[in-house]
Amino acid sequence: MRLYNTLTRTEETFTPGPDNTVRMYTCGLTVYARGHIGNFRTFVCVDVLRRTLRHLMHYRLHHVMNFTDVDDRTIIGAQKAGMDLRAYTDQYIAAFREDAKALGLEPVEENPRATDPENIAAMGAMIDALEQRGHTYRSDGSIYFKIASMPDYGKLAHLDHAGIKPGARVDSDNYAKDDARDFVLWKGTKPGEPTWQVAGDTPGRPGWHLECSAMALRLLGESPIDIHTGGIDLIFPHHENEIAQSECATGKPFSRFWFHVEHLIVDDEKMSKSLGNTFTIPDIITSGHRPSAVRYLLLSSHYRKQLNFTWESLQQAEEALRRLTDCLARVDAVSASGGHADIQKRVAEAQQAFSDAMQHDLNTAAALGAMFELVRAINSAIDAGQLGTEDVPVIRSAFAGFDLVLGILSLRHAEDEQPPVPVEEIERLIEERHAARRRRDFAAADRVRDDLAARGVLLEDSAAGTRWKRK
RNA sequence: GGCGCCGUCGCCAAGUGGUAAGGCAGAGGUCUGCAAAACCUCCACCCCCGGUUCAAAUCCGGGCGGCGCCUCCA
């Protein structure tokens, strides 16, 4: 498949390692607050990459996504809450897991935390390697990476010293550095802060970038790993510095591919906690929308384009997704016997178009287009009475295949299994309404339908009977 | 100031050299007790101006507009 590589700024053919396994690392959430849907845009797009590699390309995955559970924000948050750092960050990891499930993220193979002892140890080992190779210096009890020691520093971000904005605040830390571009590997201990011992018993805590390099190499093995992913804002300085640390420590390239997801925008501004314009999954649910619609919306445009979040587009996503599930419900109700070569040909064409689109740098919008073209063909065939029970499994298996990659239909079905009104009650009311219709008491029948609609359940009559669905 | 991305129907969004996918919304029709769903029909000279080409939404140049990164950030 073709995949855009930030390192080369071109689309390249991606191939897995010799064992057909893809070793992938994703920079996960800093767990000082609940993640918002901008954060989750990245994770959903990475999930689609993961699913495409796994379910469409049939590669094996070894995918690591970390939790950053120690940094200024988590420390300050824990102090304010009067909690232990671990307990404080546990809450947000739990929230992440809930939201990830609501958005249909496939579990990844490993979710390390920066403060796990084996990861702290790996960071210490990396600092040792960097010290031995002469890439570090110490100042005020902290250990720094010396950028002047790495000739090709800046190759990912294409930024150099001259590109740094004059007068810009270069570092928010109160640590002494030789060069403004140098970054801290290990922050010297401060009173009241959590402390670990590494690198010749230096007390302190990890710098911003060290954990990802250390965990990626510890868990994924020898570099280069195959794909490193994250939000576009991580290109600089985070990923640039990860490259610096990892490559100077090992003497080998860190990652073959760099995959970056563009920002979610809201009101023409980046969605971010500092701007106060964020929405979380609980916010979405409170507003009466469904996580499946969020996932659909996030997949409706290309991952390398900014996506402007609006409630209108979320509603449009909701309706589009409904068209897909309504079609599949109609397919399930088909009772005529036989099979039809024409519709099965359309299915095969859609599968091809879907696969082509996904293999072309994850063109999810085009892949959805292929699904909708098939939906129209199927609906037309049903209306014309040209769909039989032999066609049904062919269609179902095609959509199951699409959904292994996109993960929207199964998510919606899971939501539908928990309607706002108990299923037994819905079924009882459908029976009541059915009786009313039989005695041609349409006023009573309509009342049942309207009442259910007010409670979030819609009824649809057809020759095959009455179907209910969530609003 | 440096680097990068983007501007396609009312809204969302593919297409990146061969004459504009798809979804939402809207209009008309068919079906229906009424709805809903579905189907059929209708709905775009692709921000502007030049240039290259037999041919450009797609390539080149110049504008205009928007966003991001250069500082913690998905």
Side-chain angles (χ1 to χ4, degrees), chain A residues 6 9 26-30 32 35-46 68 71-73 154 157-173 180 208 229-238 240 260-265 268-275 296-297 300-302 304-308 310 312-324 326-327 329-330 353 357 360 363-376 378-384 437 440-443 445-446 449-450 453 458-463 466-467 469:
Chain A
T6 308
R9 308 283 162 122
T26 297
C27 289
L29 201 62
T30 300
Y32 73 104
H36 54 71
I37 58 174
N39 299 128
F40 279 103
R41 181 187 189 190
T42 295
F43 303 134
V44 167
C45 290
V46 168
T68 296
D71 79 321
D72 291 349
R73 292 166 298 172
H158 296 181
L159 288 173
D160 58 20
H161 206 358
I164 289 178
K165 191 179 184 176
R169 187 176 54 135
V170 178
D171 198 307
S172 58
D173 292 304
W208 310 322
T229 77
I232 195 168
D233 51 358
L234 296 185
I235 292 175
F236 191 87
H238 186 58
E240 194 66 60
H260 290 104
V261 179
E262 253 291 0
H263 282 310
L264 188 68
I265 302 294
D268 298 318
E269 270 187 320
K270 184 167 101 167
M271 180 176 284
S272 73
K273 284 161 192 152
S274 53
L275 292 169
Y296 182 98
L297 176 62
S300 68
S301 77
H302 191 83
R304 282 196 288 116
K305 277 181 91 167
Q306 289 175 348
L307 196 169
N308 192 33
T310 64
E312 186 187 2
S313 55
L314 185 60
Q315 187 57 41
Q316 290 175 1
E318 186 82 45
E319 298 305 328
L321 191 45
R322 190 182 299 272
R323 180 167 161 81
L324 294 175
D326 280 349
C327 175
R330 294 188 81 202
H360 187 186
N363 192 340
T364 48
L368 287 167
M371 288 172 71
F372 281 106
E373 284 182 2
L374 181 59
V375 162
R376 174 139 33 79
I378 289 167
N379 278 326
S380 296
I382 291 173
D383 283 356
R437 290 180 75 204
R440 303 196 67 78
D441 183 355
F442 294 120
D446 289 350
R449 187 172 62 196
D450 293 345
L458 302 178
L459 298 187
E460 258 175 46
D461 301 323
S462 73
T466 298
R467 172 171 101 88
K469 64 184 180 186

(message) Under 3.5 Å, is there any donor-acceptor pair linking the side chain of A/Arg449 to the base of B/C34?
(response) yes
(request) Considering only NZ, NE, NH1 and NH2 on the basic side and carboxylate oxygens on the acidic side, decide whether A/Arg449 and A/Asp446 come within less than 4.0 Å. (result) yes
(message) Mind checking if A/His302 touches a base, just sugar-phosphate, or nothing, with heavy atoms under 4.0 Å?
(response) sugar-phosphate
(message) Checking base pairs now: Watson-Crick or wobble, both atom distances under 3.5 Å. What partners B/C34?
(response) none
(request) For residues A/Gly230 and A/Thr42, report the shortest heavy-atom separation together with the two atoms involved. (result) C-CG2, 3.7 Å
Quick one: which protein N/O atoms are closer than 3.5 Å to N/O atoms of nucleotides 21-24 of chain B? Pair and distance per line, please.
| residue | atom | partner | partner atom | Å |
| --- | --- | --- | --- | --- |
| B/A21 | O2' | A/Glu373 | OE2 | 2.1 |
| B/G22 | OP1 | A/Arg376 | NH2 | 3.3 |
| B/G23 | N2 | A/Gln316 | OE1 | 3.0 |

(message) Using atom C1' in both nucleotides, what's the gap between B/A55 and B/A20 to the nearest angstrom?
(response) 15 Å
(request) Determine the Euclidean distance between corresponding C1' atoms of B/A27 and B/G66; express it in Å to zero decimal places. (result) 33 Å
(request) In whole angstrom, give me the gap between the P atoms of B/C40 and B/A57. (result) 29 Å
(message) Can you tell me if A/Lys305 touches the phosphate of B/A14, counting only side-chain N or O atoms and a distance under 4.0 Å to OP1 or OP2?
(response) yes
(request) Using the C1' atoms only, state how far B/A56 lies from B/C49, rounded to an integer number of Å. (result) 15 Å
(message) Nearest to the side chain of A/Asp461, heavy atoms from C-beta on, is which of B/G4, B/A74, B/C34?
(response) B/C34
(request) Heavy atoms only: give me the nearest A/Ala367-A/Ala357 pair and the separation to one decimal. (result) N-CB, 3.6 Å
Extract from the structure each pairing of a protein N or O with an N or O of nucleotides 66-69 of chain B at less than 3.5 Å, listing the distance.
| residue | atom | partner | partner atom | Å |
| --- | --- | --- | --- | --- |
| B/C67 | O2' | A/Gln306 | OE1 | 2.9 |
| B/C67 | O2' | A/Gln306 | NE2 | 2.8 |
| B/G68 | OP1 | A/Lys270 | N | 3.3 |
| B/G68 | O4' | A/Gln306 | NE2 | 3.2 |
| B/C69 | OP1 | A/Lys270 | NZ | 2.3 |

(message) Run A/Lys273 and A/Asn39 through side chain to side chain contact (heavy atoms under 4.5 Å, CB included) and show every step you take.
(response) CA-CA 10 Å; A/Lys273 284 161 192 152; A/Asn39 299 128; 3.7 Å; yes
(message) As a quick check of understanding, evaluate side chain to side chain contact (heavy atoms under 4.5 Å, CB included) for A/Arg330 and A/Asp383, giving each step before the final call.
(response) CA-CA 10 Å; A/Arg330 294 188 81 202; A/Asp383 283 356; 2.7 Å; yes
(message) Could you tell me how far apart A/Arg440 (CZ) and B/A35 (P) are, to the nearest whole angstrom?
(response) 15 Å
(request) Would you state whether a donor and an acceptor, one from the side chain of A/Asp71 and one from the base of B/C72, lie under 3.5 Å apart? (result) no
(request) Have a look at A/Leu459 and say if it touches a base, only the backbone sugar-phosphate, or nothing, with a 4.0 Å heavy-atom cut-off. (result) base
(request) Name the pairing partner of B/G61, where a pair is Watson-Crick or G-U wobble with both distances under 3.5 Å, or state none. (result) B/C49
(message) Output the rounded distance in Å from CG (A/Asn308) to P (B/G65).
(response) 19 Å
(message) Tell me if a side-chain donor or acceptor on A/Asn379 pairs with a main-chain N or O of A/Arg376 at a distance below 3.5 Å.
(response) no
(message) Considering every strand and a 4.0 Å limit on heavy-atom distances, what is the contact class for A/Ile382: base, sugar-phosphate, or nothing?
(response) nothing
(request) Specify the separation, in whole Å, of atom CD of A/Glu318 and atom C1' of B/C11. (result) 16 Å
(message) Whole angstroms only, please: what is the NE2-C1' distance between A/His360 and B/A13?
(response) 16 Å
(message) At 4.0 Å (heavy atoms only), tell me whether A/Arg330 reaches a base, stays on the sugar-phosphate, or touches nothing.
(response) sugar-phosphate
(request) Using the C1' atom as the reference point in each nucleotide, state the distance between B/U41 and B/U58 in Å, no decimals. (result) 31 Å
(message) If we ignore hydrogens and angles and just use 3.5 Å, is the side chain of A/Arg9 paired with the main-chain N or O of A/Thr6 as donor and acceptor?
(response) yes
(request) Return the value, rounded to whole Å, for the distance between atom CG of A/Asn39 and atom C1' of B/C72. (result) 13 Å
(request) Starting at atom CZ of A/Arg304, determine the distance to atom P of B/A13, rounded to an integer number of angstrom. (result) 16 Å
(request) Calculate the interatomic distance between A/Phe40 atom CZ and B/C73 atom P; express it in whole Å. (result) 17 Å
(message) Does B/A37 have OP1 or OP2 under 4.0 Å away from a side-chain N or O of A/Asn379?
(response) no
(request) Figure out the CG/C1' separation between A/Leu297 and B/A14, and round it to whole Å. (result) 15 Å
(request) Can you tell me the pairing partner of B/G18 across any strand shown, Watson-Crick or G-U wobble, with both distances under 3.5 angstrom? (result) B/C54
(message) Under 4.0 Å, heavy atoms only, any strand: does A/Met271 hit a base, just the sugar-phosphate, or nothing?
(response) base
(message) Please report the distance separating the C1' of B/C48 from the corresponding atom of B/C54, rounded so that it comes out in whole Å.
(response) 26 Å
(message) Judged by each residue's nearest nucleotide on RNA chain B, which is more toward the 5′ side, A/Thr42 or A/Ser313?
(response) A/Ser313
(request) Return the minimal non-hydrogen interatomic distance between A/Ser301 and A/Thr364, and the atom names on each side. (result) O-OG1, 3.5 Å
(request) Identify the heavy atoms of A/His302 and A/Asn363 that sit nearest to each other, and give their distance. (result) ND1-CA, 4.1 Å
(request) Could you pull out the closest heavy-atom pair between A/Arg437 and A/Phe442, with the gap in Å? (result) O-CE2, 4.2 Å
(request) Using the P atom on both, measure B/G63 against B/A44 and round to a whole Å. (result) 33 Å
(request) Using the test ring-ring contact (aromatic ring centres under 6.0 Å, His included), find all partners of A/His263 that sit at least two apart in sequence or belong to another chain. (result) none
(message) My understanding is that a pair needs two contacts under 3.5 Å, Watson-Crick or G-U wobble. By that rule, which nucleotide pairs with B/C69?
(response) B/G2
(message) Tell me whether the side-chain N/O atoms of A/Ser380 come closer than 4.0 Å to OP1 or OP2 in B/C40.
(response) yes
(message) Could you tell me how far B/A14 sits from B/C46 if I compare only their C1' atoms? Round to whole Å.
(response) 13 Å
(message) Students often get this wrong, so: under 4.0 angstrom with heavy atoms, is A/Gly230 touching a base, only sugar-phosphate, or nothing?
(response) sugar-phosphate
(request) Hey, which sits more toward the 5' end of RNA chain B by its nearest nucleotide, A/Thr310 or A/Leu458? (result) A/Thr310
(request) Could you tell me which non-hydrogen atom of A/Phe43 sits nearest to which non-hydrogen atom of A/Leu29, and how far apart they are? (result) CZ-N, 3.9 Å
